[in-house]
Asker: 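What follows is a single structure, and I will ask about it in a moment.
These numbers come from a predicted model, not from an experiment. The figures that follow rest on heavy atoms only: side chains count, while hydrogens, waters and symmetry mates do not.
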Amino acid sequence: MFKKILVAVDGSKTSLKALDKAIEFQKLTPETEIYILCVYKHHSLFEASLSIGRPTEMDIPDKVLSEYAKEVVNHAKNLAKEHGATKVRGFVKSGRPSKVIVKFALDKEADLIVVGTRGTHSDKDGMLLGSVSHRVASNAKCPVLVV
(Lines give C-alpha, C1' and ligand atoms only; values in the text may rest on other atoms or scores of the structure.)
Protein backbone atom coordinates (compact mmCIF):
# COMPACT_ATOMS: atom_id res chain seq x y z
CA MET A 1 0.00 0.00 0.00
CA PHE A 2 1.52 3.35 1.03
CA LYS A 3 4.92 3.66 2.72
CA LYS A 4 5.01 7.43 3.22
CA ILE A 5 1.93 9.59 3.64
CA LEU A 6 2.14 13.36 3.76
CA VAL A 7 -0.65 15.13 5.61
CA ALA A 8 -0.87 18.91 5.25
CA VAL A 9 -2.37 20.54 8.33
CA ASP A 10 -3.25 24.13 9.14
CA GLY A 11 -5.33 23.71 12.28
CA SER A 12 -8.65 23.59 10.41
CA LYS A 13 -11.25 20.89 11.01
CA THR A 14 -10.82 19.54 7.49
CA SER A 15 -7.05 19.20 7.89
CA LEU A 16 -7.62 17.17 11.06
CA LYS A 17 -10.08 14.99 9.14
CA ALA A 18 -7.30 14.47 6.58
CA LEU A 19 -5.04 13.37 9.44
CA ASP A 20 -7.69 10.86 10.54
CA LYS A 21 -7.68 9.33 7.04
CA ALA A 22 -3.90 9.02 7.06
CA ILE A 23 -4.09 7.25 10.42
CA GLU A 24 -6.66 4.82 8.97
CA PHE A 25 -4.25 4.00 6.12
CA GLN A 26 -1.38 3.52 8.57
CA LYS A 27 -3.44 1.04 10.58
CA LEU A 28 -3.82 -1.05 7.40
CA THR A 29 -0.06 -1.03 6.85
CA PRO A 30 1.73 -0.41 10.18
CA GLU A 31 5.16 0.24 8.61
CA THR A 32 3.72 3.34 6.90
CA GLU A 33 5.24 6.65 7.99
CA ILE A 34 3.06 9.73 8.39
CA TYR A 35 4.65 13.11 7.72
CA ILE A 36 2.65 16.00 9.14
CA LEU A 37 3.46 19.30 7.45
CA CYS A 38 2.29 22.80 8.31
CA VAL A 39 3.25 25.56 5.90
CA TYR A 40 3.06 29.19 6.88
CA LYS A 41 3.16 31.96 4.34
CA HIS A 42 6.01 34.44 4.77
CA HIS A 43 4.67 37.69 6.18
CA SER A 44 5.79 40.74 4.23
CA LEU A 45 5.93 43.99 6.18
CA PHE A 46 5.59 45.82 2.88
CA GLU A 47 2.36 43.97 2.07
CA ALA A 48 0.98 44.49 5.54
CA SER A 49 1.78 48.23 5.64
CA LEU A 50 0.82 48.31 9.28
CA SER A 51 2.62 51.54 10.03
CA ILE A 52 4.95 54.11 8.56
CA GLY A 53 7.55 53.45 11.26
CA ARG A 54 10.08 50.68 10.83
CA PRO A 55 9.98 48.05 13.61
CA THR A 56 13.24 47.22 15.38
CA GLU A 57 12.80 43.49 14.73
CA MET A 58 11.84 42.81 11.13
CA ASP A 59 11.27 39.06 11.59
CA ILE A 60 8.66 39.23 14.36
CA PRO A 61 5.65 38.31 12.13
CA ASP A 62 7.51 35.28 10.75
CA LYS A 63 8.46 34.18 14.27
CA VAL A 64 4.84 34.34 15.37
CA LEU A 65 3.66 32.43 12.29
CA SER A 66 6.41 29.84 12.70
CA GLU A 67 5.57 29.31 16.37
CA TYR A 68 1.88 28.92 15.53
CA ALA A 69 2.75 26.38 12.81
CA LYS A 70 4.84 24.42 15.32
CA GLU A 71 1.88 24.38 17.71
CA VAL A 72 -0.40 23.11 14.92
CA VAL A 73 2.06 20.32 14.06
CA ASN A 74 2.58 19.31 17.70
CA HIS A 75 -1.18 19.23 18.27
CA ALA A 76 -1.65 17.07 15.16
CA LYS A 77 1.18 14.72 16.21
CA ASN A 78 -0.35 14.31 19.66
CA LEU A 79 -3.79 13.62 18.15
CA ALA A 80 -2.29 11.08 15.77
CA LYS A 81 -0.58 9.22 18.60
CA GLU A 82 -3.77 9.31 20.70
CA HIS A 83 -5.61 7.70 17.77
CA GLY A 84 -3.06 4.90 17.45
CA ALA A 85 -0.56 6.24 14.90
CA THR A 86 2.94 4.92 15.44
CA LYS A 87 5.42 6.40 12.98
CA VAL A 88 4.65 10.12 12.92
CA ARG A 89 7.02 12.99 12.15
CA GLY A 90 6.21 16.69 12.08
CA PHE A 91 7.60 19.46 9.89
CA VAL A 92 7.15 23.21 9.56
CA LYS A 93 8.03 25.07 6.36
CA SER A 94 7.65 28.59 5.06
CA GLY A 95 6.42 29.55 1.60
CA ARG A 96 3.44 29.28 -0.68
CA PRO A 97 1.56 26.32 0.81
CA SER A 98 0.65 24.45 -2.37
CA LYS A 99 4.16 24.68 -3.82
CA VAL A 100 5.82 23.71 -0.55
CA ILE A 101 3.49 20.73 -0.06
CA VAL A 102 4.14 19.40 -3.58
CA LYS A 103 7.92 19.91 -3.29
CA PHE A 104 8.04 18.37 0.18
CA ALA A 105 6.17 15.31 -1.09
CA LEU A 106 8.70 14.95 -3.91
CA ASP A 107 11.68 15.41 -1.60
CA LYS A 108 10.38 12.85 0.92
CA GLU A 109 9.19 10.49 -1.84
CA ALA A 110 5.67 10.43 -0.43
CA ASP A 111 3.31 7.85 -1.92
CA LEU A 112 0.22 9.83 -1.00
CA ILE A 113 -0.68 13.39 -0.01
CA VAL A 114 -3.76 13.88 2.15
CA VAL A 115 -5.27 17.38 2.42
CA GLY A 116 -8.51 18.86 3.63
CA THR A 117 -10.95 20.37 1.17
CA ARG A 118 -10.71 23.79 2.80
CA GLY A 119 -8.20 25.42 5.08
CA THR A 120 -8.47 28.05 7.77
CA HIS A 121 -8.73 30.90 5.25
CA SER A 122 -11.30 29.48 2.85
CA ASP A 123 -14.54 31.13 1.89
CA LYS A 124 -17.31 28.68 2.81
CA ASP A 125 -19.53 29.85 -0.03
CA GLY A 126 -16.76 29.76 -2.62
CA MET A 127 -15.41 26.97 -4.79
CA LEU A 128 -15.90 23.28 -4.11
CA LEU A 129 -12.22 22.95 -3.22
CA GLY A 130 -9.99 25.43 -1.48
CA SER A 131 -7.25 26.94 -3.62
CA VAL A 132 -4.44 25.05 -1.84
CA SER A 133 -6.08 21.63 -2.13
CA HIS A 134 -6.93 22.35 -5.77
CA ARG A 135 -3.33 23.34 -6.62
CA VAL A 136 -1.86 20.38 -4.73
CA ALA A 137 -4.20 17.95 -6.52
CA SER A 138 -3.32 19.55 -9.87
CA ASN A 139 0.47 19.61 -9.41
CA ALA A 140 1.43 16.64 -7.26
CA LYS A 141 3.36 13.76 -8.81
CA CYS A 142 1.75 11.22 -6.47
CA PRO A 143 -1.91 10.52 -5.66
CA VAL A 144 -3.75 13.13 -3.61
CA LEU A 145 -6.67 12.36 -1.33
CA VAL A 146 -8.82 15.41 -0.64
CA VAL A 147 -10.90 14.91 2.49
Side-chain angles (χ1 to χ4, degrees), residues 1-48 50 57-147:
M1 196 150 205
F2 302 112
K3 294 180 183 177
K4 297 177 184 177
I5 300 174
L6 170 59
V7 183
V9 296
D10 61 3
S12 67
K13 289 179 183 178
T14 59
S15 72
L16 296 179
K17 286 181 182 178
L19 177 62
D20 287 340
K21 285 295 176 195
I23 295 166
E24 287 179 32
F25 282 123
Q26 188 186 58
K27 287 179 180 176
L28 296 173
T29 313
E31 63 272 6
T32 299
E33 291 181 86
I34 296 175
Y35 298 141
I36 298 172
L37 174 65
C38 184
V39 182
Y40 67 94
K41 188 175 176 187
H42 168 73
H43 180 81
S44 167
L45 289 173
F46 176 74
E47 289 173 357
L50 297 174
E57 293 187 53
M58 294 296 285
D59 61 345
I60 288 175
D62 279 348
K63 281 184 183 178
V64 171
L65 293 170
S66 173
E67 288 303 314
Y68 176 72
K70 287 176 190 174
E71 288 176 21
V72 168
V73 167
N74 287 331
H75 176 70
K77 280 176 58 178
N78 290 335
L79 278 176
K81 290 176 182 176
E82 286 173 15
H83 288 98
T86 53
K87 297 179 181 180
V88 182
R89 296 175 60 192
F91 301 88
V92 172
K93 298 285 184 186
S94 171
R96 185 174 181 186
S98 57
K99 284 187 177 186
V100 173
I101 293 166
V102 170
K103 183 178 181 335
F104 188 89
L106 271 173
D107 292 347
K108 294 292 184 184
E109 299 177 347
D111 303 304
L112 176 69
I113 301 171
V114 187
V115 295
T117 54
R118 306 191 149 285
T120 57
H121 299 291
S122 295
D123 173 14
K124 292 181 183 174
D125 297 326
M127 301 178 292
L128 294 175
L129 289 179
S131 59
V132 172
S133 55
H134 178 77
R135 283 191 209 107
V136 169
S138 298
N139 295 308
K141 304 299 180 203
C142 65
V144 177
L145 174 62
V146 182
V147 180

Asker: Could you pull out the closest heavy-atom pair between Leu6 and Ala110, with the gap in Å?
Answerer: CB-CB, 4.2 Å
Asker: Could you measure the distance from the NZ atom of Lys27 to the OG1 atom of Thr86? Nearest 0.5 Å is fine.
Answerer: 10.0 Å
Asker: Quick one: side chains of residues 92-101, donor-acceptor pairs under 3.5 Å with protein atoms, not counting sequence neighbours, listed by atom name and distance.
Answerer:
none

Asker: For the backbone of Val9 and the side chain of Ser15, can you confirm whether one donor and one acceptor N or O come within less than 3.5 Å of each other?
Answerer: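 No, the answer is negative, given that no donor and acceptor are paired below the 3.5 Å cut-off.
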Asker: Hey, could you give me the CG/CD1 distance between Leu19 and Ile5, rounded to the nearest 0.5 Å?
Answerer: 10.5 Å
Asker: Counting distance only, does the side-chain N/O of Ser138 pair as donor-acceptor with the main-chain N or O of His134 below 3.5 Å?
Answerer: yes
Asker: Enumerate donor-acceptor pairs with a distance under 3.5 Å from any side-chain N or O in residues 31-38 to protein atoms, sequence neighbours excluded.
Answerer:
unit_1 : atom_1 : unit_2 : atom_2 : d
Thr32  : OG1    : Phe2   : O      : 2.5
Thr32  : OG1    : Thr29  : O      : 2.8

Asker: Distance check, rounded to the nearest 0.5 Å: Lys41 atom NZ versus Asp10 atom CG?
Answerer: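 That separation rounds to 14.0 Å.
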Asker: Does Met1 form a side chain to side chain contact (heavy atoms under 4.5 Å, CB included) with Leu28? I'd like the steps, not just the answer.
Answerer: CA-CA 8 Å; Met1 196 150 205; Leu28 296 173; 4.1 Å; yes
Asker: Once rounded to the nearest 0.5 Å, what's the spacing between atom CG of Leu112 and atom NZ of Lys4?
Answerer: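 Spacing of CG (Leu112) from NZ (Lys4) equals 13.5 Å.
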Asker: Is the centre of the Phe91 ring less than 6.0 Å from the centre of the Phe104 ring?
Answerer: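 Yes; Phe104 has its ring centre under 6.0 Å from that of Phe91.
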Asker: Do you know which two heavy atoms are closest between Ile23 and Ala80, and how far apart they sit?
Answerer: CD1-CA, 3.5 Å
Asker: How close do Ala18 and Val7 get, counting heavy atoms only, and between which atoms?
Answerer: C-CG1, 4.0 Å
Asker: According to salt bridge (charged side-chain N to carboxylate O under 4.0 Å, His left out), who are the partners of Lys103, at least two apart in sequence or on a separate chain?
Answerer: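 Counting only residues at least two positions away or on another chain, Lys103 forms a salt bridge (charged side-chain N to carboxylate O under 4.0 Å, His left out) with Asp107.
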Asker: Please check this pair: side chain of Lys21 against backbone of Val147, looking for a donor-acceptor N/O pair closer than 3.5 Å.
Answerer: no
Asker: How long is the span from the OH atom in Tyr40 to the CD atom in Glu67, to the nearest 0.5 Å?
Answerer: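 These two atoms lie 9.5 Å from each other.
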Asker: Given side chains that start at C-beta, do those of Ile113 and Val136 come closer than 4.5 Å, heavy atoms only?
Answerer: yes
